[in-house]
J.: 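Handing you this structure, nothing more for now.
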Protein chains: 2
Amino acid sequence: MNGDTTRSAPATLHDVAREAGVSLATASRSLNGSTRKVNEEYRQRVLAAAAKLDYSPNLSAQAVARGTTTTVALLVADIADPYFSQIAAGVVREADRERLIVTMAATDRDPERELELVRTLRGQRPRVMILAASRREGDPNNDALEAELRAFESSGGRVAFVSSADLPFRAVQLDNRAGAESLARELTELGYRRFAAVTGAEGIRTADERLAGFRAGLEAGGGTLERIVRPAFTRDGGYEGMRELIDGGLDGVELVFAANDVMAVGAMSALRDAGLTPGTDVAVAGYDDIPTVRDVTPPLTTVRIPLEEVGRRALRLALGEATSDEEAPVHTEVVLRESTPRRA
Amino acid sequence: MNGDTTRSAPATLHDVAREAGVSLATASRSLNGSTRKVNEEYRQRVLAAAAKLDYSPNLSAQAVARGTTTTVALLVADIADPYFSQIAAGVVREADRERLIVTMAATDRDPERELELVRTLRGQRPRVMILAASRREGDPNNDALEAELRAFESSGGRVAFVSSADLPFRAVQLDNRAGAESLARELTELGYRRFAAVTGAEGIRTADERLAGFRAGLEAGGGTLERIVRPAFTRDGGYEGMRELIDGGLDGVELVFAANDVMAVGAMSALRDAGLTPGTDVAVAGYDDIPTVRDVTPPLTTVRIPLEEVGRRALRLALGEATSDEEAPVHTEVVLRESTPRRA
DNA sequence: TTGAAAGCGATACCAT
DNA sequence: ATGGTATCGCTTTCAA
């Protein structure tokens with residue numbers, strides 16, 4: 001269309017104003033100014049000029065002038081993990097609705113790194129910060145993190161956590177305890193009595209809560225938790241954990257509860273690789289209901305969390321736009337599938 | 001620590017300078033200025049003041065002053081899809097190394113929306129823009145998109161695509177054609193002759209290339225492609241596609257090639273739901289090698305793409321820092337698993 | 001309503 | 001080396 005390859009700077013509001021023959025102020029008001037008080041003719045001239053020059057407002061400049069950005073910062077443990085990527089998808093979708101921009105960072109499950117990232121992200125002066133990376137109980141960095149977030153809040157920022165945080169901030173409550181308890185109860189009702197658990201390192205809040213809930217459910221239902229292994233909170237961790245159980249002798253264990261679905265899926269593969277059939281030789285249950293679990297064999301029993309919704313809620317909560325419904329704990333439910341058949 | 005809950009604005013460079021008893025300029029130089037030429041004593045004073053005030057530079061302000069940001073904008077089709085979330089993880093990791101911040105948006109596979117997002121994202125004046133959302137051949141929006149990206153480039157921005165683009169920009173070359181061709185060849189060598197394909201709508205470049213490559217490989221190996229269905233390019237699409245094949249009568253088809261792994265996984269579930277056993281009754285192959293495919297039963301034969309690396313490369317390419325190795329097409333390889341056993 | 005001008009927070013040029 | 005100050009692109013107060 002135009003062979004112009006010179007390095008031309010993007011049009012500024014100034015250019016638009018000049019092109020339209022109006023003042024900077026008028027141009028600004030026509031293009032953004034919430035309370036419209038601009039002569040329609042001028043307004044049109046400005047719009048035309050903007051279109052002609054392909055004007056796109058410089059968000060950084062707007063941010064410094066307005067003293068507020070349109071950014072939401074999102075922190076997750078691992079972007080490629082379906083648990084987090086679904087939550088992220090929800091955050092991005094809701095942000096989109098609000099015409100906000102999402103910036104994303106990954107902690108790789110390192111609390112130190114998390115703190116560092118929060119510090120860095122603060123430089124963006126985001127409107128809100130959403131922390132979805134899993135929390136660790138009693139981590140030495142927690143105080144510093146809290147201080148950092150407090151400072152962020154006191155300068156007008158909003159914070160929201162995903163999953164019950166021990167820190168005093170808004171949070172999308174997941175109630176892992178109740179979910180795991182229901183799961184355990186239903187499993188005992190199916191006739192299971194002897195259990196093992198594959199969970200994360202002690203201190204990972206999510207893992208601890210789920211295990212505690214599961215325990216409580218077993219107690220109520222008359223089951224016993226015979227063994228616990230604590231590998232990494234990942235697919236490979238699940239695989240290794242199950243291997244460890246098998247190597248140690250699975251004798252008598254009827255069902256293995258993995259503290260999340262990716263671990264459960266890994267655990268099932270470990271069973272198969274050991275020549276055992278999940279669901280038949282040993283039952284398996286997980287937590288989260290990530291999409292994959294419908295496609296493994298047999299389909300996995302788990303506790304469903306509406307992860308996308310969790311992401312959307314986290315944003316609304318942070319923005320202070322959550323309805324009281326949305327402030328209540330997220331509804332979770334046990335989904336029984338063939339990995340835990342009724343016991344004869 | 002400090003009960004101060006007043007809404008205090010974050011410290012500015014000004015505050016730091018005053019606290020340290022030096023000029024704005026000196027404060028700026030001590031905190032950032034590449035070429036250091038600041039008296040060590042002053043420098044220390046500034047650093048101390050910054051720490052005391054918990055100073056964090058306002059990135060927006062830096063951006064307008066410097067005329068350049070530290071942002072990379074990433075566009076994907078669907079954040080929750082493992083293909084994209086792994087690429088995103090790679091981009092974020094590499095960005096992190098370069099101390100860049102990633103902002104992320106999802107096109108939901110809508111070209112119109114993609115164009116719109118590129119326009120919006122331009123406002124951020126990102127250093128680079130990475131487009132990983134799948135391209136559509138001959139889409140009416142393509143010209144507008146190209147114009148938009150050209151404008152972005154001519155104002156100093158850098159663009160990189162993932163997967164061979166028909167658009168004239170840098171791209172991480174995936175060579176879908178060659179990968180699918182090798183796959184088809186190896187499958188014929190395993191003894192398969194009669195094939196069906198579950199792929200995406202005509203025009204989706206990735207789908208088209210993979211199908212074309214597969215065809216070529218079959219031709220060379222003496223196989224025939226007997227049926228093709230074109231559902232959505234998603235897990236559920238794969239499921240439906242396979243259903244359609246089954247309903248239409250699978251007679252004689254020995255292997256179904258799905259144009260990507262998530263579809264393949266859905267297709268396998270459709271088989272099972274129809275009472276058939278993947279790998280035994282009908283073989284299945286996919287493309288991408290997403291993590292899940294090791295955990296389905298039987299494990300899926302596919303073409304491996306190092307997705308994380310693809311993401312990292314996309315950023316390096318955009319930044320102009322790619323080595324010549326990194327500019328070459330990404331290495332892909334066929335991974336034979338049990339979903340395609342050797343035929344007797 | 002409109003425009004002139006004073007910021008917003010930071011950088012960088014230009015003297016000193 | 002240091003400080004004063006113009007400048008970046010935009011918003012918003014304040015007069016007119």
Side-chain angles (χ1 to χ4, degrees), chain A residues 8-47 49-50 53-71 122-127 155-157, chain B residues 8-47 49-50 53-71 122-127 155-157:
Chain A
S8 58
T12 71
L13 188 58
H14 220 102
D15 301 330
V16 174
R18 189 157 25 77
E19 173 78 24
V22 302
S23 75
L24 235 194
T26 299
S28 173
R29 289 192 275 250
S30 321
L31 258 19
N32 332 20
S34 38
T35 41
R36 45 149 66 215
K37 34 183 177 180
V38 162
N39 178 319
E40 188 55 23
E41 188 197 327
Y42 280 6
R43 179 185 201 72
Q44 289 307 331
R45 290 228 305 260
V46 172
L47 261 38
L53 299 181
D54 195 16
Y55 171 72
S56 156
N58 182 321
L59 294 186
S60 293
Q62 288 192 323
V64 354
R66 298 212 244 247
T68 158
T69 65
T70 57
T71 299
R122 246 185 61 201
Q124 292 190 60
R125 305 284 186 276
R127 264 245 257 287
S155 69
Chain B
S8 58
T12 72
L13 188 57
H14 220 104
D15 302 330
V16 175
R18 190 157 25 75
E19 173 79 24
V22 301
S23 77
L24 234 195
T26 299
S28 174
R29 289 191 275 251
S30 321
L31 259 19
N32 330 21
S34 37
T35 41
R36 44 150 66 216
K37 34 184 177 180
V38 161
N39 177 319
E40 188 54 24
E41 188 197 327
Y42 278 8
R43 180 185 201 71
Q44 289 308 331
R45 289 229 305 260
V46 172
L47 261 37
L53 299 180
D54 197 15
Y55 170 73
S56 156
N58 182 321
L59 295 187
S60 294
Q62 289 191 323
V64 355
R66 298 212 244 245
T68 158
T69 64
T70 57
T71 300
R122 245 185 62 202
Q124 291 191 61
R125 305 284 186 274
R127 266 245 257 286
S155 69

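So you know, we letter chains A, B, ... as the sequences are listed, proteins then strands, and number each from 1.
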J.: Evaluate the side-chain contact (heavy atoms from CB on, under 4.5 Å) criterion for residues A:Leu31 and A:Leu47: first the C-alpha distance (whole Å), next the side-chain angles of each, then the deciding distance (0.1 Å), finally the verdict.
T.: CA-CA 7 Å; A:Leu31 258 19; A:Leu47 261 38; 3.4 Å; yes

J.: Looking at A:Ser56 and B:Arg125, what are the two nearest heavy atoms and their distance?
T.: O-NH2, 2.6 Å

J.: Provide the start and end nucleotides, 5' to 3', of the part of DNA chain C that has atoms under 4.0 Å from heavy atoms of chain A.
T.: C:dT1 to C:dC8

J.: Estimate the overall bend of the helix from C:dT1-D:dA16 to C:dT16-D:dA1 from the end axes over five pairs each, rounded to 10 degrees.
T.: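 That helix has its two terminal axes inclined by roughly 40°.
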
J.: Could I get the full list of side-chain contact (heavy atoms from CB on, under 4.5 Å) partners for A:Ala65, not counting sequence neighbours?
T.: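 Checked A:Ala65 against side-chain contact (heavy atoms from CB on, under 4.5 Å); zero matches.
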
J.: What pairs meet the salt bridge (charged side-chain N to carboxylate O under 4.0 Å, His left out) rule with one or both residues in residues 16-26 of chain B, with sequence neighbours excluded?
T.: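 Residue pairs passing salt bridge (charged side-chain N to carboxylate O under 4.0 Å, His left out), neighbours aside: B:Asp15-B:Arg18, B:Glu19-B:Lys52.
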
J.: Using the side chain to side chain contact (heavy atoms under 4.5 Å, CB included) rule, pick out the option among B:Asn58, B:Leu59, B:Val64 that qualifies with A:Ser60.
T.: B:Val64

J.: Going 5' to 3' along DNA chain D, which are the first and last nucleotides with any atom under 4.0 Å from a heavy atom of chain B?
T.: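 With heavy atoms of chain B under 4.0 Å away, the range is D:dA1 to D:dC8.
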
J.: How close do A:Thr69 and A:Gln124 get, heavy atom to heavy atom, and via which atoms?
T.: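 Distance-wise, the nearest heavy atoms are CG2-O, 3.4 Å.
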
J.: Mapping B:Val64 and A:Gln62 to their closest nucleotides on DNA chain D, which lands nearer the 5' end?
T.: B:Val64

J.: Between B:Ser30 and B:Thr26, is any pair of side-chain heavy atoms under 4.5 Å apart?
T.: yes

J.: In residues 15-24 of chain B, what residues come within less than 4.0 Å of DNA chain D, judged by heavy atoms?
T.: B:Val22, B:Ser23

J.: Are B:Arg122 and A:Asp54 close enough that some pair of their side-chain heavy atoms sits under 4.5 Å apart?
T.: yes

J.: Apply side-chain contact (heavy atoms from CB on, under 4.5 Å) to the pair B:Gln62 and B:Thr70, showing each step before the final yes or no.
T.: CA-CA 10 Å; B:Gln62 289 191 323; B:Thr70 57; over 6 Å; no

